[in-house]
Number of protein chains: 2
Amino acid sequence: MRQIASSGVGRYRAEQAKKDDAMQRFSFAKEGSDGKARVGVISTPRGEIRTPAFMPVGTAATVKAMMPASVRETGADILLGNTYHLMLRPTAERIDRLGGLHKFMNWERPILTDSGGFQVMSLAALRKLTERGVTFKSHIDGSKHEITPERSMEIQRLLGSDIVMCFDECPALPAERGVIAESMRLSMRWAQRSREAFGDRPGHALFGIQQGGLEEDFRAESAAALTEIGFDGYAVGGLAVGEGQEAMFGCLDFAADQLPEDKPRYLMGVGKPDDIVGAVKRGIDMMDCVLPSRSGRTGQVFTRRGVVNIKNARHADDPRPLDEACRCPACANYSRAYLHHVFRSQEIISSMLLTWHNLTYYQDLMQEMRDAIAETRFAQWEAAFHAGRAEGDIEPL
Amino acid sequence: MRQIASSGVGRYRAEQAKKDDAMQRFSFAKEGSDGKARVGVISTPRGEIRTPAFMPVGTAATVKAMMPASVRETGADILLGNTYHLMLRPTAERIDRLGGLHKFMNWERPILTDSGGFQVMSLAALRKLTERGVTFKSHIDGSKHEITPERSMEIQRLLGSDIVMCFDECPALPAERGVIAESMRLSMRWAQRSREAFGDRPGHALFGIQQGGLEEDFRAESAAALTEIGFDGYAVGGLAVGEGQEAMFGCLDFAADQLPEDKPRYLMGVGKPDDIVGAVKRGIDMMDCVLPSRSGRTGQVFTRRGVVNIKNARHADDPRPLDEACRCPACANYSRAYLHHVFRSQEIISSMLLTWHNLTYYQDLMQEMRDAIAETRFAQWEAAFHAGRAEGDIEPL
């Protein structure tokens with residue numbers, strides 16, 4: 001059995017080399033579009049990411065209440081990890097010593113990490129921002145830390161992230177135009193430093209982050225600066241920070257178009273199902289949000305007919321599934337009455353089942369959109385999506 | 001295809017009838033023994049229970065932090081449900097309307113329910129005990145309830161329990177002999193009333209519960225009273241209530257022998273791994289305890305080399321599994337460092353993984369004992385069990 005015809009071995013080796021080469025590349029292939037909406041595939045050494053993609057958030061090296069295999073079963077191709085949380089606990093150096101974040105959390109597919117910037121601003125204490133970077137105290141134990149563009153790149157490299165985000169600053173809205181411009185230009189200088197610090201890492205991608213608030217001219221300036229530097233993908237940052245859906249869509253109407261057509265576009269921190277649909281419609285390829293997992297823990301359930309609050313007494317005797325059309329274990333194996341009971345009893349299985357359901361709902365939503373775009377019937381699909389939600393939950397028994 | 005030779009149909013029907021008949025029976029077959037230790041199988045319409053059996057506790061219609069399919073994967077043949085908790089929330093009547101506890105919690109295999117008596121005594125407020133039964137206030141909402149032997153049988157019937165326990169009273173130890181005797185005799189009168197209220201329910205079993213504290217004569221009197229009434233199995237009640245392992249084993253040395261040889265013997269609420277081994281050695285066939293699941297949530301881990309406290313700092317950088325020899329997902333896919341991290345971060349996956357591990361450890365322990373008894377090498381196995389624990393955890397790195 002150890003004797004293989006040498007021509008066979010040669011052919012095998014050549015094919016393997018070609019495959020290895022392909023495996024080293026990070027690439028985006030647009031496979032279709034419908035209006036501004038795009039469908040495609042991001043290829044990475046750790047597997048493909050079907051776009052539009054929703055990335056579940058695994059803040060502290062776990063998608064809360066889910067086993068990684070279950071997250072994959074929902075249809076997720078990629079997870080998001082939070083640099084800020086992981087650098088504080090268990091620390092990037094420790095994760096590196098243990099073989100990287102994928103091995104640590106038992107998720108072999110792609111991981112995108114944010115830069116830490118956003119969460120320093122929202123969670124840390126005693127923040128101090130300078131040209132160099134930001135210093136702050138940990139929200140866990142008060143210890144002092146610094147993140148600079150260079151340190152953010154180092155942390156994300158230590159984690160083993162597949163898609164690395166530039167270190168940026170995200171101002172709270174509303175803000176004066178002058179404040180927004182200044183902040184955006186600082187982020188662009190940091191983007192340049194991030195690019196330089198990231199270096200050349202085959203198979204790993206670096207994404208730039210567009211800033212500029214809701215201002216079209218600043219967004220254009222930011223997009224031009226980023227494109228000039230050159231990135232593997234481009235994120236729309238600084239939205240979904242309380243400006244409201246209408247303002248966000250208004251901004252996306254021009255912001256997405258300003259980013260390169262041939263690279264993935266990522267809208268950070270979005271969102272509710274209708275936010276996601278509106279973003280995809282405007283040309284966004286990737287999104288992340290804690291909403292489906294967090295809502296799972298608070299009893300808010302997303303269905304084709306809108307949001308269901310499982311703690312409501314109307315479900316106590318209801319033998320029907322949450323969502324008849326859903327394939328998740330919560331819908332396949334349990335009644336609303338059971339889900340109500342375990343939520344009210346504060347049982348862990350409530351978080352497990354409702355998170356599983358919500359993540360399944362989100363991934364099915366993405367799959368439906370990918371299909372609709374590929375078949376250029378997005379508008380029709382979108383009308384049905386809104387009609388289903390307008391119908392509201394099934395009548396109480 | 002609809003034409004089947006009538007002889008074939010006839011044969012099929014006869015076989016099916018025979019199978020249906022067997023399916024209706026509840027039976028216990030002893031398959032081997034080694035000293036007092038026994039190995040066997042309990043057959044029920046919902047499947048076989050390999051004995052000695054450990055029953056994970058699913059208090060409120062869920063084994064905390066576990067999906068039912070995962071509980072089954074650990075090797076559990078049967079779960080325990082708590083009558084007291086379920087009667088208060090979501091109520092037995094509601095579970096009955098929803099098709100019974102098995103369907104409600106998505107567990108198709110056998111379920112044993114306790115009678116509610118023990119938990120009324122340990123959890124409820126304003127208890128009042130009379131010959132008729134016990135009245136109390138719910139620990140959840142203060143509502144008033146009564147359990148009598150007849151009501152306990154009704155609740156367990158509504159739940160759809162496969163193995164029903166007699167309603168009994170369990171006095172706290174230590175207590176005066178007079179108090180223990182009086183309590184035991186009340187429990188025996190209640191056992192008679194439980195038997196009458198249970199009636200004839202093919203495929204369902206009723207177990208009597210021996211009481212009598214640590215007193216050999218009272219235990220004998222109780223066993224005689226129960227045997228006279230006649231049950232499908234016999235529990236040793238009133239132990240594992242703080243008397244210590246030595247006293248418990250001392251009592252089991254005679255108490256188990258007093259119970260019928262040809263029926264399953266169930267030691268309620270036990271216990272730690274070495275309690276379980278000692279009980280099996282003394283002729284016990286079934287046990288239940290919250291310990292593996294509760295410990296999973298508090299970071300206490302059972303291994304072949306004793307108890308590991310995962311929150312201890314020594315694990316923070318340890319890339320090794322909890323227990324090399326273990327087949328559970330926590331050991332197969334994660335380092336001690338990860339388990340330490342998610343426990344310290346209070347992530348739900350910590351409870352999920354550590355409970356899964358502990359339940360796997362308990363079920364593997366039972367399987368090892370079943371094999372050792374079948375091969376009459378229990379003493380040898382027991383020595384190795386204690387030697388492994390004496391060795392202590394692996395050295396820190």
Side-chain angles (χ1 to χ4, degrees), chain A residues 58-71 85-86 88-91 93-95 97-99 101 103-108 140-141 293 296-297 315-320 329-330 332-342 344-353 355-356 397, chain B residues 58-71 85-86 88-91 93-95 97-99 101 103-108 140-141 293 296-297 315-320 329-330 332-342 344-353 355-356 397:
Chain A
T59 298
T62 164
V63 176
K64 291 185 197 303
M66 293 287 285
M67 297 285 283
S70 310
V71 176
H85 289 87
L86 295 170
L88 296 180
R89 189 171 59 190
T91 77
E93 282 70 16
R94 176 167 286 148
I95 288 179
R97 282 196 299 275
L98 291 161
L101 184 56
K103 185 177 174 193
F104 186 61
M105 69 183 293
N106 191 33
W107 173 264
E108 292 179 357
I140 300 171
D141 62 5
S293 40
R297 299 195 302 284
H315 305 298
D317 267 304
D318 197 329
R320 297 172 297 180
N333 303 327
Y334 296 95
S335 59
R336 289 177 176 224
Y338 183 79
L339 299 170
H340 173 82
H341 164 67
V342 288
R344 293 282 281 247
S345 303
Q346 299 181 280
E347 289 288 347
I348 291 174
I349 201 172
S350 173
S351 295
M352 294 162 67
L353 287 171
T355 301
W356 202 326
L397 286 179
Chain B
T59 298
T62 163
V63 176
K64 293 186 197 300
M66 293 288 284
M67 296 288 281
S70 310
V71 176
H85 289 87
L86 295 169
L88 296 180
R89 188 170 60 190
T91 78
E93 283 69 16
R94 176 168 285 148
I95 288 179
R97 283 196 297 276
L98 291 161
L101 183 56
K103 184 177 174 192
F104 186 60
M105 69 183 292
N106 191 34
W107 172 265
E108 292 179 356
I140 301 170
D141 63 4
S293 41
R297 300 195 301 284
H315 305 298
D317 267 305
D318 197 329
R320 297 172 297 179
N333 303 326
Y334 296 96
S335 59
R336 289 175 176 224
Y338 182 78
L339 298 171
H340 173 82
H341 164 67
V342 288
R344 293 281 282 248
S345 303
Q346 299 181 281
E347 289 288 347
I348 290 174
I349 200 172
S350 174
S351 296
M352 294 163 67
L353 288 171
T355 301
W356 200 326
L397 285 179

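The analysis underlying the following values was restricted to heavy atoms, covering all of them including side chains, and did not include hydrogens, waters or symmetry mates. Numbers restart at 1 for each chain; the letters A, B, ... are given by sequence-line order, proteins then strands.
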*Asks:* Flag the one option from M66(A), M105(A), H85(A), R344(A) with the top tally of heavy-atom pairs under 4.5 Å to chain B.
*Replies:*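 Maximum pair count with chain B is reached by M105(A).
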
*Asks:* Which answer fits R89(A), side chain, backbone, both or neither, if we ask what part of it has an atom under 4.5 Å from a heavy atom of chain B?
*Replies:*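 Contact with chain B: backbone and side chain both.
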
*Asks:* Scan V71(A), V63(A), L101(A) and name whichever one has a side chain to side chain contact (heavy atoms under 4.5 Å, CB included) with W107(A).
*Replies:*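 Going through V71(A), V63(A), L101(A) one by one, the side chain to side chain contact (heavy atoms under 4.5 Å, CB included) with W107(A) is satisfied by V71(A) alone.
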
*Asks:* Does the plane of the ring in Y338(B) sit parallel, tilted or perpendicular to the ring in H341(B)? Use 30° and 60° as the thresholds.
*Replies:*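 The rings of Y338(B) and H341(B) sit tilted, inter-plane angle from 30° to 60°.
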
*Asks:* For L353(A), is it the side chain, the backbone, both, or neither that has a heavy atom closer than 4.5 Å to a heavy atom of chain B?
*Replies:*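 L353(A) touches chain B through side-chain heavy atoms alone.
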
*Asks:* What residue, out of G99(A), S335(A), S351(A), P68(A), has the most heavy-atom pairs lying under 4.5 Å from chain B?
*Replies:*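 Most pairs with chain B among the choices: P68(A).
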
*Asks:* Counting only heavy atoms not in E108(A), do more than 12 sit closer than 6.0 Å to its CD atom?
*Replies:*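 No, the 6.0 Å shell around CD holds no more than 12 heavy atoms from other groups.
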
*Asks:* Give, as side chain, backbone, both or neither, the part of A316(B) having an atom under 4.5 angstrom from any heavy atom of chain A.
*Replies:*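 When you check distances to chain A, atoms from both the backbone and side chain of A316(B) fall under 4.5 Å.
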
*Asks:* Between P319(B) and L397(B), is there a side-chain heavy-atom distance shorter than 4.5 Å?
*Replies:*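 They are in contact (side-chain heavy atoms under 4.5 Å apart), so the answer is yes.
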
*Asks:* Would a 4.5 Å heavy-atom cut-off, applied to side chains only, mark D317(B) and R94(A) as touching?
*Replies:*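 Sidechains of R94(A) and D317(B): in contact.
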
*Asks:* For Y334(A), is it the side chain, the backbone, both, or neither that has a heavy atom closer than 4.5 Å to a heavy atom of chain B?
*Replies:*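 Side chain only.
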
